[in-house]
Amino acid sequence: MIDLKALRDDPERYRDGARKKNSTVDIDRILMLDTERRRLLSERENARAEQRVLEKEAGPQIGKLMKELKTAPGGAKAALEAQIEELRNKPAALKETVQEYERSLQQMEPELEALLLEVPMPPDADVPVGAGSEDNVEIRTWNPPGFDASKSFEENRGFSPKTHVELIRDLGLTDFERGVKMAGARSYVLTGDGMRLHQAVLRYAFDFMVEANGFTPVSVPVVVREECMVGTGFFPTGRDQAYHIEESKRGSGHDLFLTGTGEVGLMGLHEDEILDEETLPRTYTTVSTCFRREAGAAGKDTAGLFRIHQFDKVEQVVICKADEAESREWHTRMIGFVEALLQSLELPYRLLQCCTGDLGQKNADMIDIECWMPGRGEENAKGRPTGAYAETHSASRLYDFQCRRLNLRYRGESTGGKPVVCHSLNNTVLASPRFLIPLLEIYQNEDGSVTVPAPLRGHMGGRERIG
RNA sequence: GGUGGGGUGGCGGAGCGGCUGAACGCGCCGGUCUUGAAAACCGGUAGACCCGUCAGGGUCUCGCGGGUUCGAAUCCCGCCCCCACCGCCA
């Protein structure tokens with residue numbers, strides 16, 4: 001959520017941000033509602049203050065008169081009762097006024113709140129303006145020794161590569177038929193070495209974040225309340241991407257949702273908390289199963305393990321002080337962790353600066369990392385794919401957008417003891433089985449086997465190859 | 001799933017119709033004392049929102065929502081959550 005006060009002070013910044021992110025949210029309607037809301041608030045407060053003054057005056061008098069009434073002779077009772085009645089009426093009249101303002105407020109507030117939840121975080125000034133992913137800008141590429149992703153796989157290795165779909169089929173690493181039988185389209189079963197490799201890459205990435213980078217390992221819920229989805233910024237805009245578990249027995253409003261990323265659980269950890277400045281930054285990592293409905297992606301990437309409803313992901317999040325320089329620094333470092341991981345596995349990749357249209361609602365800035373996958377891209381004359389980069393990681397910088405929704409703050413010396421909304425960032429460490437695509441395709445051999453990358457062998461019982 | 005007990009400030013814990021945004025204790029911060037520290041003593045210590053250039057003023061919040069009342073942390077109704085024991089169980 002954006003800061004309503006900031007929007008009040010500089011609406012054009014948010015209008016411009018919404019435009020750049022292709023959002024049609026009505027900023028002027030928000031300003032109008034906000035003005036009206038403050039007017040009502042102020043009126044109600046004045047009436048309420050007056051009411052309280054009267055209460056304090058009349059209250060003790062009523063109490064006194066009530067006592068007198070008990071012992072008063074019959075003839076005096078009527079006069080006392082009339083006096084009490086009069087004292088009661090004054091604040092009672094104001095009560096009506098207060099309630100009227102409150103009803104007006106209750107009528108308009110849901111609309112204002114709903115609109116505020118839709119306002120996107122304005123992109124940073126240095127983010128290139130663009131309509132969608134086609135306008136993203138390549139920052140740099142990295143190639144492992146002895147490999148050049150700007151050339152074809154065949155030129156690099158001397159033979160035509162199989163796609164990952166062919167590799168997993170030929171090596172018996174998956175069983176799509178039975179996956180679909182049980183769970184429908186985009187479902188799969190990892191079998192044998194497929195499952196083992198999947199677990200190996202996850203464990204390798206998880207250990208890398210904990211041991212080499214000092215992140216705090218945690219396990220988090222993957223079934224969460226709606227508040228958690230709203231707080232982390234995935235609702236209401238992305239509601240149709242989440243699996244919805246109805247809890248009809250308990251009435252509406254208590255339904256649960258499957259999380260599409262460990263980010264939800266990691267960021268939800270400190271919802272409604274005020275952290276001590278000295279405990280920042282918080283650096284967390286988790287490995288969790290992620291569920292995505294992939295609504296609107298019908299027919300896209302239907303083959304293989306690229307776009308699926310359920311996968312496992314090692315995720316990293318950082319919660320830090322509200323400081324732009326620190327946010328930027330962490331962003332760079334979190335990307336650096338992934339680069340180090342990919343380099344240790346010797347996989348070619350590139351960094352993409354996402355343009356404004358591709359940032360999503362929450363992000364001020366986002367860098368995607370794409371691994372090179374020989375089995376994707378345009379077909380050559382023989383009808384074989386020529387290879388392409390495809391997204392495997394996404395590093396987001398959100399400033400206070402997410403933490404404001406979560407009501408996650410910190411305080412300390414630098415804030416003068418006052419609570420200030422934290423900044424947050426997140427980045428993929430490794431998502432599998434998608435990650436198996438570049439891994440298998442790059443490490444395949446001419447005889448159809450796949451070499452197990454050296455760093456993973458410890459998690460594969462020392463195996464050096466599959467097949 | 002059943003039965004019982006609870007939800008008050010950073011924590012513990014009073015309050016059970018007005019004097020209570022909240023006693024008291026702990027913690028934390030500042031000060032006195034001390035060579036320094038501890039102890040002791042003194043003082044301070046919730047959050048949100050609105051108005052105001054500042055100083056300051058006001059409103060709301062004792063799990064959440066509604067009600068009763070001139071007045072609610074305190075009474076009533078609904079909901080949520082937590083704990084204990086029993087049952088079931090990965």
Side-chain angles (χ1 to χ4, degrees), chain A residues 1-9 30-69 80-110 112-113 116 219 221-228 230-231 245-256 268 270-280 289 400 403-422:
Chain A
M1 186 149 57
I2 53 95
D3 183 355
L4 179 55
K5 282 180 201 155
L7 184 141
R8 234 178 254 156
D9 292 345
I30 293 175
L31 289 170
M32 200 274 273
L33 288 169
D34 174 51
T35 305
E36 177 63 5
R37 179 175 162 273
R38 280 184 294 154
R39 186 187 71 79
L40 289 167
L41 224 44
S42 155
E43 297 283 355
R44 191 207 60 184
E45 282 176 17
N46 289 340
R48 182 83 184 108
E50 203 183 326
Q51 190 192 6
R52 288 186 59 157
V53 169
L54 286 175
E55 268 166 39
K56 284 210 168 133
E57 283 174 5
Q61 291 182 50
I62 291 171
K64 213 175 103 190
L65 291 173
M66 294 285 273
K67 262 188 200 166
E68 284 177 29
L69 188 63
L80 280 171
E81 274 167 4
Q83 251 182 304
I84 290 170
E85 188 62 19
E86 203 195 323
L87 284 169
R88 278 184 175 162
N89 284 341
K90 276 195 202 164
L94 274 169
K95 190 182 170 185
E96 276 301 306
T97 314
V98 171
Q99 281 179 338
E100 222 164 275
Y101 285 126
E102 260 161 19
R103 274 191 292 273
S104 303
L105 281 165
Q106 276 171 9
Q107 257 175 10
M108 58 139 8
E109 275 174 344
L112 179 59
E113 275 160 31
L116 272 176
S219 89
V222 296
V223 183
V224 302
R225 295 196 179 128
E226 182 151 12
E227 290 88 327
C228 202
V230 174
I245 300 168
E246 286 190 18
E247 290 281 273
S248 52
K249 265 191 190 168
R250 304 165 66 204
S252 64
H254 303 292
D255 288 356
L256 297 168
H270 296 298
E271 180 164 13
D272 287 322
E273 290 185 30
I274 301 175
L275 302 174
D276 192 328
E277 178 179 84
E278 285 171 15
T279 68
L280 297 180
T289 304
D400 59 359
C403 292
R404 175 166 283 106
R405 282 175 172 246
L406 285 166
N407 192 26
L408 167 48
R409 296 167 294 170
Y410 72 100
R411 70 174 141 207
E413 244 171 80
S414 76
T415 72
K418 289 286 157 206
V420 171
V421 179
C422 297

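Below, read A as the first sequence line, B as the second, and so on, with proteins coming before strands; counting in each chain starts at 1.
Heavy-atom minimum distance, A:R409 versus A:N407: NE-OD1, 3.3 Å. Shortest non-hydrogen contact noted between A:E271 and A:L406 is CG-O, 3.3 Å. Looking at every heavy atom in both residues, A:T415 comes nearest to A:Y410 through CG2-CE1, 3.5 Å. Minimum interatomic distance between A:C403 and A:C422 (heavy atoms only, all atoms of both residues): CB-O, 3.2 Å. Closest approach of A:V230 to A:R405, counting heavy atoms only: O-NH1, 2.8 Å. Heavy-atom minimum distance, A:L275 versus A:H270: CD2-ND1, 3.8 Å.
Going from atom CE of A:M1 over to atom C1' of B:A48 covers 12 Å, rounded to whole Å. B:A48 atom P lies 12 Å from atom CG of A:D3, rounded to whole Å. The nearest whole Å value for the distance from the CG atom in A:L4 to the P atom in B:C50 is 7 Å. The nearest whole Å value for the distance from the CZ atom in A:R38 to the C1' atom in B:A48 is 16 Å. Rounded to a whole Å, the CD atom of A:Q99 is 11 Å from the P atom of B:U69. Rounded to a whole Å, the CD atom of A:E45 is 5 Å from the C1' atom of B:C50.
Comparing the P positions of B:G21 and B:U74 gives an interatomic distance of 13 Å, to the nearest angstrom. Using P as the reference atom, B:U59 and B:G71 are 16 Å apart when rounded to the nearest Å. Between B:C62 and B:A72, the distance separating the two P atoms is 11 Å to the nearest Å. Look at the P atom in both B:G1 and B:G10: the space between them is 33 Å, to the nearest Å. Across B:C64 and B:C80, the matching P atoms stand 15 Å from one another, rounded to whole Å. A gap of 11 Å separates the P atoms of B:A37 and B:U32, to the nearest Å. Comparing the P positions of B:C81 and B:A90 gives a spacing of 25 Å, expressed to the nearest Å. Between B:C16 and B:A73, the two P atoms lie 14 Å apart (nearest whole Å).
Closest to the side chain of A:R225, from the set B:C50, B:G71, B:C81, is B:C81.
Nucleic acid contact for A:E102: none, since no nucleic acid atom lies under 4.0 Å from a heavy atom of the residue. Heavy atoms of A:R8 sit under 4.0 angstrom from primed sugar atoms or phosphate atoms, though from no base atom. At the heavy-atom level, A:R39 lies nowhere under 4.0 Å from the strands shown.
Mapping A:Q51 and A:N46 onto RNA chain B by nearest heavy atom places A:N46 closer to the 5' end of the strand. Between A:A49 and A:L41, the residue anchored closer to the 5' end of RNA chain B is A:L41, taking for each the nucleotide with the nearest heavy atom.
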Listing, residues 33-41 of chain A side-chain donor-acceptor contacts under 3.5 Å, not counting sequence neighbours, or none:
| from | atom 1 | to | atom 2 | distance (Å) |
| --- | --- | --- | --- | --- |
| A:D34 | OD1 | A:R8 | NH2 | 3.1 |
| A:D34 | OD2 | A:R8 | NE | 2.6 |
| A:D34 | OD2 | A:R38 | NE | 3.4 |
| A:D34 | OD2 | A:R38 | NH2 | 3.3 |
| A:T35 | OG1 | A:L31 | O | 2.8 |
| A:E36 | OE1 | A:R39 | NE | 3.3 |
| A:E36 | OE2 | A:R39 | NH2 | 3.2 |
| A:R37 | NE | A:E109 | OE2 | 3.1 |

Taking Watson-Crick (N1-N3 plus N6-O4 or O6-N4) and G-U wobble (N1-O2, O6-N3), each under 3.5 Å, can you produce the dot-bracket string of RNA chain B? Use [ ] for crossing pairs and | for inter-strand ones. ((((((((.[[[..)..(.....]]]((((((.......))))))((((((....)))))).[[[[[..)....]]]]])))))))....
